[in-house]
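This report concerns only the one structure given below.
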Number of protein chains: 2
Amino acid sequence: MRAPMSEIAKLSHQLVELYEKLSSWEQDVVKSSGLSTAQMHTIEIVGHGAQGGGALRMKELAKKMGVTTGTLTVMVDRLEQQGLLQRTPHETDRRSYLIALTEKGQNLFAEHHQYHLRLTEEITAILSAEEQALFSAVLEKIIGQI
Amino acid sequence: MRAPMSEIAKLSHQLVELYEKLSSWEQDVVKSSGLSTAQMHTIEIVGHGAQGGGALRMKELAKKMGVTTGTLTVMVDRLEQQGLLQRTPHETDRRSYLIALTEKGQNLFAEHHQYHLRLTEEITAILSAEEQALFSAVLEKIIGQI
DNA sequence: AACAAACATCTTGACAGTCAAACAATCACT
DNA sequence: AGTGATTGTTTGACTGTCAAGATGTTTGTT
């Protein structure tokens, strides 16, 4: 049994609206840090990559970010100049670098992560425990689907 | 009663992941149309503005998109060159133009809108009627909150 | 009517983000 | 050792972006 068209249209509209709001929220938060959203995105990916184990090579990072390695080269150049990122030579492959956050970069990442947690906290504050649990479960399903 | 920290962190992570997936989905879809995401975003805002009644002035459109009018000028220039948008002089204010989709622009907008509906359909296909209803209600709350 | 202030848009100059293609160094395999 | 694949960088061209200045229009005040 398929949901009626109007319900689909409504949900589609809501998803777009949620996306837009998250987008402008992120833009506001990032602007206050002095970085661009693309730069902060890089910091976030590198930061999360570090949590999940090892530092990333340029190529892996580029793939995760959906940009070419050429684009990433200048991006990393600038973040390295700002003391947020550093290249360290790969131990066994001399073509590659491992990209990691400096201490300054880690602090920035942690601070930005806190912003995310605070927003999520605001969101959950208006949901009941059941709503929150179901919302999380539904998100899980959707993320696996897309 | 506040939700425990780990739940917040989990939900925060899910929201980021959803955002990323929607982002790359949109990028893929838009790329196939030959436009940039910024251009498609312009088409979408103008298209939705038209549904909601009147065409928009440059300034109103710039505000909705979160860019300056200077940025929008060249954006509209290019979309006009491609025959997707047109400026028509404002009836009573000779400083202003009203920006609207051409027929070609409307077709593109409709086509893109269909992509959104199809994605939403895929999403709802894996949700029960109750889940879908609650998800929509939760989104409603969240959108109002952010 | 005349003027000034506010306004809408466009233009210019500067820079970040982006890609494709060419390049250089290194690796992996035979 | 040699050849083809891989990794990262460089280059050239273009879009997206803003701030600041320019132009023409409207609005309000005298």
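Just so it is clear, the model here is predicted, and its values are computed rather than measured. So you know, we letter chains A, B, ... as the sequences are listed, proteins then strands, and number each from 1.
- The closest side-chain donor-acceptor pair between B:His41 and B:Glu26, if any, does not fall under 3.5 angstrom.
- Phosphate proximity of D:dT7 to A:Thr69: absent, as no side-chain N or O sits under 4.0 Å from OP1 or OP2.
- B:Lys104 contributes no side-chain N or O that, together with a main-chain N or O of B:Leu84, makes up a donor-acceptor pair within less than 3.5 Å.
- For the pair B:Thr71 (side chain) and B:Val67 (backbone), a donor-acceptor distance under 3.5 Å is absent.
- In the hydrophobic clustering of ILVMFWY residues, with side-chain heavy atoms under 4.5 Å counting as a link, B:Tyr115 and B:Phe109 come out apart.
- For the pair B:Lys64 (side chain) and B:Lys59 (backbone), a donor-acceptor distance under 3.5 Å is absent.
- A heavy-atom distance below 4.0 Å to DNA chain D is reached by these residues of residues 70-82 of chain A, ordered by number: A:Gly70, A:Thr73.
- Following rounding to the nearest Å, B:Met65 (CE) and D:dG16 (P) show an atom-to-atom distance of 9 Å.
- The main-chain N or O of B:Ala133 is never found under 3.5 Å from a side-chain atom of B:Ser136 such that the two would form a donor-acceptor pair.
- We find that NZ of A:Lys63 is positioned 13 Å from P of D:dT6, with the value rounded to whole Å.
- Nucleotides of DNA chain D nearest to A:Gln27 and A:Lys59 differ in position, and the one nearer the 5' end is that of A:Lys59.
- Nucleotides of DNA chain C that come within less than 4.0 Å of any heavy atom of chain B span, from the 5' end to the 3' end, C:dC7 to C:dT11.
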Heavy-atom protein contacts under 4.0 Å, nucleotides 21-26 of chain D, coded B base, S sugar-phosphate only, - none: ---BBS
Stepwise side-chain contact (heavy atoms from CB on, under 4.5 Å) test for A:Glu44 and A:His113: CA-CA 8 Å; A:Glu44 286 187 89; A:His113 190 59; over 6 Å; no
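- When distances run from any side-chain atom of A:Arg57 to the nucleotides D:dT17, D:dT9, D:dT7, the shortest one goes to D:dT7.
- Atoms CD1 and CG, on B:Ile43 and B:Leu79 in that order, are 5.0 Å from each other to the nearest 0.5 Å.
- Of the N and O atoms on the side chains of B:Gln14 and A:Glu140, at least one donor lies less than 3.5 Å from an acceptor on the other residue.
- Checking B:Arg87, B:Arg57, B:His90 one by one against B:Ser96, the side-chain hydrogen bond (donor to acceptor under 3.5 Å, both in side chains) holds for a single residue, B:Arg57.
- Defined by atom type and a distance below 3.5 Å, a donor-acceptor pair is missing between the side-chain atoms of A:His116 and A:Glu121.
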